[in-house]
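Have a look at the structure below before the remarks.
Only a predicted model underlies this, so the values are computations on that prediction, with no experimental measurement involved.
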Amino acid sequence: LLEQIAGGIQRVLFGLSVTLVVLYFLLATGDLFRLKLVRAIPRLEDKKRALTVLTDIEHQVSLFLSTQTLINIGIGAVLAVILGAMGVPNPVLWGLMVAVANFIPFFGFIIAASVLLVVAMLSFDSFWYPLIAPAAYAAVKVIESNFISPNILGRSLTLNPLVIILSLLFWGWLWGPAGALLAVPILVIAKSVCENVERLHTLAEFISGERH
């Protein structure tokens, strides 16, 4: 078991290291990619369309990540307070885990709730009292998913739940935990590209969630 845990941690650290290196070079190049793309496209009309797509991608991904990060921090803080009131050891650590897990739709909730249940059961002798921890997380998650996120993010960033699950399975299989974290931002990018390319409007409609 320890060997499996050590191997899993090693893979996660390797993936995070590669991601940080790639991120560094992306930030270091600045607008080089944008300039190269514009120079490589021959027609002026296509240049304008490419710039529009890049600007839209930058706006939507930045809005999604920044807003989702603030929401997740709020959820983690609320859970940390609840766990601290219950007497669970290291409530800040478990609140941070919940905040990170909330970046992964569906599966992140299952993983975090399971961990909270195990930690609470190991911390208390009672059978029913530890159930408060995952139940509180479920209640906070329901409020966040149905009221907070839709109203803050707006309908423009809603995605098809089936497409999200398929994206999580694919990128999680391909890149592991890093792929699961990047699955939704990749979908946001794909949706933005499809919305700005006329021939891909049908695919954009499929990726988008239900509009009310």
Decide yes or no for [X] and [Y]: does some side-chain heavy atom of the first lie under 4.5 Å from some side-chain heavy atom of the second?
{"X": "Asn102", "Y": "Glu144", "value": "yes"}
{"X": "Leu116", "Y": "Leu83", "value": "yes"}
{"X": "Phe103", "Y": "Thr69", "value": "yes"}
{"X": "Thr55", "Y": "His59", "value": "no"}
{"X": "Leu117", "Y": "Leu131", "value": "yes"}
{"X": "Trp171", "Y": "Val184", "value": "no"}

Evaluate the criterion side-chain contact (heavy atoms from CB on, under 4.5 Å) for residue pair Phe107 and Leu169; output intermediate values, then yes/no.
CA-CA 10 Å; Phe107 299 110; Leu169 293 175; 4.2 Å; yes
From [X] [atom1] over to [Y] [atom2], what is the distance, rounded to the nearest 0.5 angstrom?
{"X": "Ile148", "Y": "Lys141", "atom1": "CD1", "atom2": "NZ", "result": "10.5 Å"}
{"X": "Leu203", "Y": "Glu195", "atom1": "CG", "atom2": "CD", "result": "10.5 Å"}
{"X": "Met97", "Y": "Asn90", "atom1": "CE", "atom2": "CG", "result": "12.0 Å"}
{"X": "Gln68", "Y": "Ile73", "atom1": "CD", "atom2": "CD1", "result": "11.0 Å"}
{"X": "Leu168", "Y": "Leu182", "atom1": "CG", "atom2": "CG", "result": "11.0 Å"}

With sequence neighbours left out, write down each residue that passes side-chain contact (heavy atoms from CB on, under 4.5 Å) with Val119, or none if nothing qualifies.
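Partners of Val119 under the side-chain contact (heavy atoms from CB on, under 4.5 Å) test: Val88, Trp94, Val115, Ser123.
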Applied to residues 117-144, the ring-ring contact (aromatic ring centres under 6.0 Å, His included) test, sequence neighbours excluded, yields Phe109-Tyr137, Phe124-Tyr129
Let me check something: do [X] and [Y] share a hydrophobic cluster, defined by ILVMFWY side-chain heavy atoms less than 4.5 Å apart, either directly or through other members?
{"X": "Ile82", "Y": "Ile143", "result": "yes"}
{"X": "Val188", "Y": "Leu166", "result": "no"}
{"X": "Leu96", "Y": "Val140", "result": "no"}
{"X": "Ile207", "Y": "Phe106", "result": "yes"}
{"X": "Met86", "Y": "Val118", "result": "no"}

Just one of Ile57, Asp56, Leu51 clears the side chain to side chain contact (heavy atoms under 4.5 Å, CB included) bar with Val53, so which one?
Ile57
Residue set satisfying side-chain hydrogen bond (donor to acceptor under 3.5 Å, both in side chains) with Arg199, at least two apart, ordered chain then number -> none
